Amino acid sequence: MHGLTYHSIWLDEGAAIWIAGLPLRVLIERTMAFREEVSPPLYFLLLKGWMTITGDSDFTLRFFSAWWIMVGLAVLFSIGRIAFGQPVGRLALALGALQPYLVWFSQEVRVYGLLFALSSLATLGLLRALRRNRWSDWLRYGLAVAAACYTHLTALWMIAAHLALTAWEGKRLLRPPRGLLALGIIAAAGWPLALRAWSSQQGTVFWWNPPQPLGDALHLLWTTWTVYQRPPGLSEVLLWICLGAVGIAWMGALSKGLLGPWILALGVGWGLWYLTSWRFPLTSPRYWMSLTPLFLVGLAALIARGGHSAWSRAWRVVALAGWVGLSFLGLRELWSPRSAKEDWRGAAAWISAYVGPGDGALFFAEYIRFPFFHYYRKPLDHRAFAHPIPDRSEAEGTLNTLGLERYETLWYIRAHADWADPQDWVDQMLRSRYPVRMEIFPEKIRIRAYAIRWQRADLPPEARPTAVALPGGWFLRGLQHAGGRGVRPRSWGVFPPTRQLHLVLYWQRASTGGPEVRLRAALMDREGHIRVEALPPRDGLISRQPPSRWPVGPIIVDDRDLFLPEDLLPDRYRLAVWIEGPDVASAPQTVDEIDVLP
């Protein structure tokens, strides 16, 4: 539960929330098509019911995942107790609760928490069924596996591992008629899913998560199940020492006749994943979730019962200490800016602070609208597309069909589009047409505002009027910024404004002619020293239309950015404007005060 809302809802979570909000029939149709979303419908149906009861706040949505992980951990204790005894069950529970991999996915609005719970329930059901061979046990096992299949197709790895575990113990799932009941349920549930998933992906070329060499895949597996989010500076030596201790202890356990079935089961399940990853984009660590219960119980049994000699005990102690140490390093890294997810919370708040009633947004790729509109709740006319842009002519044709000239400012929001526009043709075309008003880069997102129209007849309602007259017939009619509650230059987020504070100045000119002048704005300290100057963006209005060319009469929208240094001392600073030129100059005039917070 710690830091449950620390990270913003990101793309995959936004898509899950959007799917869960669809009408029931549409939800089932889309999820069973295995194209827009490759997960079957069970999780989304449960999430839909949960959202109906609790709403869609970040906390309640993520609590749904945390709850399922906690259910899986409780079942993990029972698996360890039945397979190896109560001490192993307790240790498996402790290792699971400390595992950064599980903590990370307990804080993500995706299927993986439910998959872990169902995989744990299925493994527990199999152990009970093999030991007691009751109708009820086989029925519960079959239902748990079927539910896991309708949660995520990677439950297949767990099924393969279960078959290997059963074969080692010399017991056949085909023992009539009870084992056939479980197999019948699994086949009836899984065959239609597998057939439809396979046929829907035939001929598909995947560009993300490419297949990995075996060594890289094993290294990723080891890193994932220890630290997950690897801290900078973590030596490979520490990882290999811990791995070596576990390996030596495991060999000692094998020599005693322990853990053979579990090693075989994990090897078969993981091996099937690796082979399948060469056909489908399955190299992300999240696809190992269904094997995690088997792994944690096996690790706990290794540490608790891996031999009784002094040599074996020593290596088990080293393995446990190394594992717990790596876990704590990984846990700390989960809530670090280095591990930040896409900051759609900041992106939506930034645009909300500066958007005007005549503005519009362009999303590329189109599916990034899901997390954005989870946070942005005001009306916003927008366009979106997601097709490849191979050259300049395609970019120009695409923009021409979108009708962007209707807007005063276009907010171009880009993420997850490198596959479609690696040369950035869309942004190049926008830059060639319009001045840049502002640009902001929330985590893994790019936002640029383009001034379709940079002249106005009057002051916009979101601006604050001012009455500042400067020599040469220049007037500052208003200003706008989002630093009214102070700024924190030592914070890593983008909103509330942190190191980048955007300033919009609304100028009006009373006469033409005269030499070129500089209209300046800056934060000044109590002694009148300039601490941070407000600079226009690259390819902005001033670089395209210098003030000497501005027309008389209209209000001109002039955008600037204050990039605050991290060592700027907390204090109240004056926001001042003034003019400089060959024949004209003025003293700085204070137009606002801004607090820099610790």
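From a predicted model like this one, the values you see are computed outputs, not experimental measurements. Throughout, residue positions are numbered sequentially from 1 according to the sequence presented.
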Less than 6.0 Å separating the ring centroids of Phe116 and Trp104?
-> no
Would you call the rings of Trp278 and Tyr274 parallel, tilted or perpendicular if under 30° counts as parallel and over 60° as perpendicular?
-> perpendicular
Do Ser336 and Ser339 have side-chain atoms, one donor and one acceptor, less than 3.5 Å apart?
-> no
Does a donor on one side chain and an acceptor on the other come within less than 3.5 Å for Asp343 and Tyr375?
-> no
Please determine, by modelled atom types, if Trp344 and Glu342 share a side-chain donor-acceptor pair under 3.5 angstrom.
-> yes
Taking everything shown except Phe328 itself, do over 12 heavy atoms lie less than 6.0 Å from its CZ?
-> no
Trp10 pairs by side chain to side chain contact (heavy atoms under 4.5 Å, CB included) with which of Arg345, Lys341, Glu443?
-> Lys341
Gln229, Arg230, Arg338 screened by side-chain hydrogen bond (donor to acceptor under 3.5 Å, both in side chains) with Glu333, the one that passes | Arg338
Work out which heavy atom in Ser39 is nearest to a heavy atom in Thr151; give both atom names and the distance.
-> CB-O, 3.9 Å
Angle class for the Trp335/His2 ring planes (parallel below 30°, perpendicular above 60°, tilted otherwise)?
-> perpendicular
In short, Leu95 meets Trp323 closest at the heavy-atom pair CD2-CD1, 4.2 Å
When the ring planes of Trp270 and Trp273 are compared, do they come out parallel, tilted or perpendicular, using 30° and 60° as the limits?
-> tilted
Taking 4.0 angstrom as the limit, do Arg286 and Glu108 come out as a salt bridge?
-> no
Qualifying residue for side chain to side chain contact (heavy atoms under 4.5 Å, CB included) with Thr292, from Tyr101, Tyr112, Phe105 | Tyr101
side-chain contact (heavy atoms from CB on, under 4.5 Å) between Phe364 and Ile389, intermediate numbers included = CA-CA 11 Å; Phe364 184 33; Ile389 306 293; 4.0 Å; yes
Search all heavy atoms of Ala348 against all heavy atoms of Tyr376 and return the closest pair with its distance.
-> O-CD1, 3.7 Å
Under the salt bridge (charged side-chain N to carboxylate O under 4.0 Å, His left out) test, residues paired with Asp424 that sit two or more places apart = Arg414, Arg446
Determine the interplanar angle of the Phe64 and Trp68 rings, folded into 0 to 90°, and report it as parallel if under 30°, tilted if 30 to 60°, perpendicular if over 60°.
-> perpendicular
Nearest atoms (heavy-atom pairs only) where Leu291 meets Gly269 | CD1-C, 3.7 Å
